[in-house]
Amino acid sequence: MSKVKKVLIVGGGIGGLATAIALQKVGIKTEIVEKQKEWNVYGVGIILQSNALRAIDALGITEEFLAVGTTHSALHIRDSQGNMIFDAPIHPSGQFNITGGIPRRDFHEILLQAAIKNGTKIRMGITVEMIENGDSFVYTKFTDGTSGTYDLVIGADGVRSKVRNMVFGDIEPTFVGQAVWRYTLKRPADLENITMFYGQKAKAGIVPMTKDSCYVFVVTAEPGNPWKQEDQLHVLMREAFQEFGGLIAELSEQITDPKEVVYRPLETLIVEKPWYRDRVLLIGDSAHATVPHLAQGAAMAIEDALVLSELLQKDEPVVDILNEFMERRYERCKFVVDNSNTLVNWELLQLEGRLPKENNPNAIVAQSLIRMTEVI
Ligand SMILES: Cc1cc2nc3c(=O)[nH]c(=O)nc-3n(C[C@H](O)[C@H](O)[C@H](O)COP(=O)(O)OP(=O)(O)OC[C@H]3O[C@@H](n4cnc5c(N)ncnc54)[C@H](O)[C@@H]3O)c2cc1C
């Protein structure tokens, strides 16, 4: 066992909570500070690819996931009028040959309850104010006037990470030129799998989340990242669906409440390796934030947590453990970020009718998801 016995995690999102669960399981005391006073997880759902399902199984929460979420056995890609272009069974080489969907709030609640049950101390409404990083411990002051000393501090505070800013300097995400619109609806009775629809101006999709609910999404080009009028979001979202026919068009008519529209400009970021300085480590979106084209961001954050907890059980100097963490995580996360960005660029070229014929987005999706089934 390494000398790391007490860890501070900054940020109680998917990555922070997964890390707390994994570390507490191997006997490392963890504390989370979360800047929100109360949990405020946004609506709609999340896709958990087969490697994410494998990771949540390792965290010990599969039963809780299955009690709420749903699973899918194929990915269907259709044209804008619903004709099948690509019918891919989820690759059977992985340990799990299925993907999952679940409302984000429910998934967060499952992680939160597991972290609490494992003994994680969680403090809400505070963050780090000062980090004194050293080669044998980290001294931290918090915004509520308290302070603490830790063997390791983990920045799991998302794409706009304060920890990253304080310890690594000024590294900002890049807007990729697209945004995604999402809306929760009643699940059509015969909808079994994630279905995507490729149009000329946009890409849309339907994701089953629970036995009764699904979400619809549409990805649009948004050059310059224009501001959207909040009380018009439902109208704008419906407009984005205009070129689509069939089921997705029918469902889009049910988009009536602007407050239920979740609109997100898409950003990307990868911090150059290593993601640590002395005893401060970045994980999840604070180190590698990706656009959702491969639906791998949460999976990567949970995998970070599992690899770290595995390595911290070794009786080795912290620097060696963190170097090994980088060897295990950097290329895999960069692969996801790079391939997701390639998909964005190809979709933008496709819109302009300039995508070379040999560039096949479906092939990149399939190859990437097959690679992600590899055991970490
Ligand atoms: C539109 C969209 C759709 C996505 N869909 C999918 C999907 O289907 N499947 C998938 O696998 N991934 C998806 N992702 C990616 C996934 O949401 C993220 O990769 C994942 O949430 C990363 O978890 P995280 O814990 O690193 O960061 P976050 O989930 O962002 O959590 C960060 C936490 O830190 C807190 N925090 C922030 N600053 C501070 C601070 N200074 N001090 C203390 N706390 C702080 C925040 O309040 C939050 O609780 C999607 C992303 C986007 C943008």
Side-chain angles (χ1 to χ4, degrees), residues 8-20 31-53 55-56 69 72 99-105 107-108 111-112 115 122-129 131 140 142-144 153-167 173 175-176 178-182 194 205 207 209 215 217-220 261-271 275 281-305 333 336-337 340 369 372:
L8 172 70
I9 300 169
V10 183
I14 293 171
L17 290 169
T19 305
E31 286 176 34
I32 291 180
V33 288
E34 165 58 50
K35 79 169 179 188
Q36 297 177 77
K37 285 200 177 77
E38 283 171 16
W39 297 111
N40 180 22
V41 179
Y42 60 89
V44 295
I46 187 157
I47 299 168
L48 295 171
Q49 303 284 13
S50 61
N51 55 317
L53 294 179
I56 68 168
H72 331 112
T99 60
I102 189 168
R104 230 172 221 274
R105 286 185 186 131
F107 188 49
H108 187 268
L111 290 168
L112 177 64
I122 302 180
R123 293 196 290 155
M124 301 294 293
I126 63 169
T127 185
V128 282
E129 195 170 66
I131 298 176
T140 309
F142 299 102
T143 44
D144 65 348
V153 169
I154 297 175
D157 49 344
V159 65
R160 299 219 138 57
S161 167
K162 183 173 181 183
V163 174
R164 185 180 69 226
N165 190 270
M166 290 166 86
V167 178
F175 171 62
V176 298
Q178 286 183 320
V180 60
W181 310 67
R182 290 172 294 166
I194 300 176
V207 180
M209 283 197 292
Y215 71 91
F217 71 85
V218 59
V219 178
T220 51
V261 176
V262 179
Y263 175 78
R264 278 287 171 110
L266 297 179
E267 296 180 315
T268 184
L269 169 135
I270 183 128
V271 175
W275 298 332
L281 172 70
L282 303 177
I283 63 149
D285 276 13
S286 68
H288 47 79
T290 174
V291 295
H293 292 50
L294 293 171
Q296 277 289 337
M300 290 301 104
I302 305 170
E303 287 186 1
D304 285 349
C333 295
V336 167
V337 172
S340 303
L369 295 182
M372 288 301 110

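Each ligand, and each atom within it, is numbered from 1 in the order the structure gives. Excluded from the calculations below are hydrogen atoms, water molecules and symmetry mates; all remaining heavy atoms, backbone and side chain alike, are included. Starting from 1, each residue takes its place in the sequence as its number.
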Numbered atoms and elements of ligand 1 in range of V33, under 4.0 angstrom, heavy atoms: 43 (C), 44 (N)
Heavy-atom nearest option to atom 31 (O) of ligand 1, drawn from A287, G13, G15, G155: G13
Per-atom contacts, ligand 1 versus V10 - under 4.0 Å to a heavy atom: 42 (N), 43 (C)
S340 side chain to H293 side chain, donor-acceptor N/O pair below 3.5 angstrom: no
Contact check, R160 vs ligand 1, heavy-atom distance below 4.0 Å: no
Test item, E267 contacting ligand 1 (heavy atom, 4.0 angstrom): no
Proximal ligand 1 atoms for V180, defined as those under 4.0 Å from one of its heavy atoms: 1 (C)
Nearest option to atom 39 (C) of ligand 1, as decided by whichever heavy atom of I14, D157, V159, L282 sits closest: D157
Winner among R104, E129, H293, Q49 once heavy atoms are compared against atom 51 (C) of ligand 1: R104
Atoms of ligand 1 close to I47 [distance to a heavy atom under 4.0 angstrom, numbered from 1]: 7 (C), 8 (O), 9 (N), 10 (C), 11 (O)
Under 4.0 Å to a heavy atom of Q296 - the qualifying atoms of ligand 1, by number: 10 (C), 11 (O)
Option with minimal heavy-atom separation from atom 41 (N) of ligand 1, where the choices are T127, T19, V262, I194: T127
Heavy-atom nearest neighbour of atom 43 (C) of ligand 1 within options Q36, K35, H288: K35
Proximal ligand 1 atoms for G158, defined as those under 4.0 Å from one of its heavy atoms: 27 (O), 30 (O), 32 (C)
Contacting atoms of ligand 1, where contact means under 4.0 angstrom from a heavy atom of K162: 41 (N)
Sub-4.0 Å heavy-atom contact, A156 with ligand 1: yes
Ring-face cation of R182 near Y42 (centre distance under 6.0 Å, axis angle within 45°): no
Atoms of ligand 1, numbered as shown, that sit under 4.0 Å from any heavy atom of G284: 26 (O)
